Protein chains: 2
Amino acid sequence: MSDDLRSKLRGSGYRLTPQRELILQAVERLGHATPDEVLAEVRTTSSAVNVSTVYRTLEVLEQLGLVRHAHLSDRAPTYHSVTDHEHFHLVCRNCQRVVSVDAHVADGLVARLGEELGFVPDLGHLTVFGRCSDCEDTP
Amino acid sequence: MSDDLRSKLRGSGYRLTPQRELILQAVERLGHATPDEVLAEVRTTSSAVNVSTVYRTLEVLEQLGLVRHAHLSDRAPTYHSVTDHEHFHLVCRNCQRVVSVDAHVADGLVARLGEELGFVPDLGHLTVFGRCSDCEDTP
DNA sequence: TTCCATGCAAACACTTTGCACCGTG
DNA sequence: CACGGTGCAAAGTGTTTGCATGGAA
């Protein structure tokens, strides 16, 4: 099960450690979580892990393409494991609800930015703030 | 010249102070600037202003619709004065270059999000990370 | 004269770093 | 047994807050 992790790590000259396994599993379990939340989750599951290890590990895992991060608030970033299909995030400024949207919804925009500006967007990191249908009225 | 500022402030029960004028002018002069850069700019122009005043003032100016902020890096947010036409930002992860794009370029996406999800995006706050044409090759 | 705004300093939230020790490969 | 990884503690950014003083209206 952690053979995928092991091989990805080794392929880039990294080692497989229990901390790295635990942190990846925590991210997978949590969905969208800040470094702090990941730390808390790991600690419930097993022995203690240090904050700095969490930060360093999330960085490594992101380099390997196993997790990604997005900025869903003005506070800490949130990490999520990389799944089959790419998606971006909508965040309601009123109720803070987060919705994941398939990247294809932005195909038109991606095409325009590519053609007109030669810009290749990284949708997986994109967060669109706004107002959801439930909150259209609320001030 | 600061009559617009004065009336907007007073209209919301705020007062016009020299600091508020200076900070707005600094933002207008700088284009995209972090709170720290705004502070530095104000200080070159005139007497000292305090950091907290910069933060508090930028918040007020944003409420009044005179400035907006976007997250152009993983560091501090940048503020810019609100101009006639709404725009969003592209940031190249490789060369850090920032390009402002007219909001209409995203009309298609806005329509889809509205129809399919009832979500009204705030494009003025949107930042799209990716890779610009000059950096397509660079690793 | 009334409050809102400011300055200051301390606290806060989040992240990074240096170094000695630990443990994978 | 070498070298990358970890823990720890301290320092680094960026931002907020409480409180006394100052100044706009």
Side-chain angles (χ1 to χ4, degrees), chain A residues 2-3 5-27 32-43 45-64 66-67 69-79, chain B residues 2-3 5-27 32-43 45-64 66-67 69-79:
Chain A
S2 62
D3 280 350
L5 175 57
R6 163 172 246 116
S7 59
K8 290 221 180 183
L9 284 168
R10 303 249 60 222
S12 298
Y14 294 114
R15 294 176 181 172
L16 176 63
T17 64
Q19 288 89 335
R20 287 178 173 166
E21 274 190 81
L22 290 166
I23 290 170
L24 178 56
Q25 288 165 10
V27 172
H32 294 111
T34 62
D36 238 47
E37 292 165 342
V38 171
L39 179 61
E41 174 71 11
V42 170
R43 282 181 171 163
T45 314
S46 87
S47 62
V49 165
N50 195 270
V51 212
S52 20
T53 301
V54 172
Y55 280 100
R56 293 190 269 229
T57 298
L58 289 172
E59 198 180 330
V60 169
L61 295 178
E62 188 153 35
Q63 272 184 35
L64 298 179
L66 292 168
V67 306
H69 81 275
H71 301 273
L72 305 183
S73 78
D74 281 354
R75 297 251 167 218
T78 65
Y79 288 78
Chain B
S2 62
D3 281 350
L5 175 56
R6 164 174 244 116
S7 60
K8 289 221 181 185
L9 284 167
R10 305 247 58 224
S12 297
Y14 294 114
R15 294 175 182 173
L16 176 64
T17 64
Q19 287 90 335
R20 286 178 174 165
E21 274 189 80
L22 290 166
I23 290 170
L24 178 55
Q25 288 165 9
V27 172
H32 293 111
T34 62
D36 238 46
E37 291 165 344
V38 171
L39 179 61
E41 174 71 10
V42 170
R43 283 182 170 162
T45 314
S46 87
S47 62
V49 165
N50 195 270
V51 213
S52 19
T53 302
V54 172
Y55 280 99
R56 292 191 270 229
T57 299
L58 289 172
E59 199 180 327
V60 169
L61 295 178
E62 188 153 33
Q63 273 183 34
L64 298 178
L66 292 168
V67 307
H69 80 275
H71 301 274
L72 304 184
S73 79
D74 280 355
R75 297 252 169 215
T78 65
Y79 287 78

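Every value quoted in this text rests on a predicted model; they were computed, and no experiment measured them.
Here D:dG4 presents its P atom at 15 Å from CD of A:Q63, a figure rounded to the nearest Å. Here D:dG14 presents its P atom at 15 Å from CG of B:L58, a figure rounded to the nearest Å. Spacing between atom CG of A:L5 and atom P of D:dG5 amounts to 12 Å, rounded to whole angstrom units.
Judged as a side-chain hydrogen bond (donor to acceptor under 3.5 Å, both in side chains), and not counting sequence neighbours, the contacts of B:E41 are B:R29.
In this structure, B:R10 contributes its side chain and B:L16 its backbone to no donor-acceptor pair below 3.5 Å. Side chain of B:R20 to main chain of B:R15: a donor-acceptor pair is present (N/O by atom type, distance under 3.5 Å, no hydrogens or angles). The backbone N or O of B:Y14 sits nowhere less than 3.5 Å from a side-chain atom of B:S12 that would complete a donor-acceptor pair.
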Base-contact (B) and sugar-phosphate-only (S) positions in nucleotides 17-25 of chain D, heavy-atom cut-off under 4.0 Å, - elsewhere
BB----BBS
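From the 5' end on, the contacts that DNA chain C makes with chain B at under 4.0 Å to a non-hydrogen atom open and close at C:dC3 to C:dA9.
Separation of atoms CG (B:L24) and OG1 (B:T57) is listed at 10.0 Å; rounding is to 0.5 Å.
There is no side-chain donor-acceptor pair under 3.5 Å between A:D36 and A:T34.
The 5' end of DNA chain D is approached more closely, in terms of each residue's nearest nucleotide, by A:V54 than by the other of B:V51 and A:V54. The residue among B:R75 and B:R20 whose nearest nucleotide of DNA chain C lies closer to the 5′ end is B:R20.
Nearest heavy-atom pair, A:P77 versus A:P35, reported as atom, atom and distance to 0.1 Å: O-CD, 3.5 Å. Summarising the geometry of A:R43 relative to A:V49, their closest heavy-atom pair is NH2-O, 2.9 Å, with the distance given to 0.1 Å.
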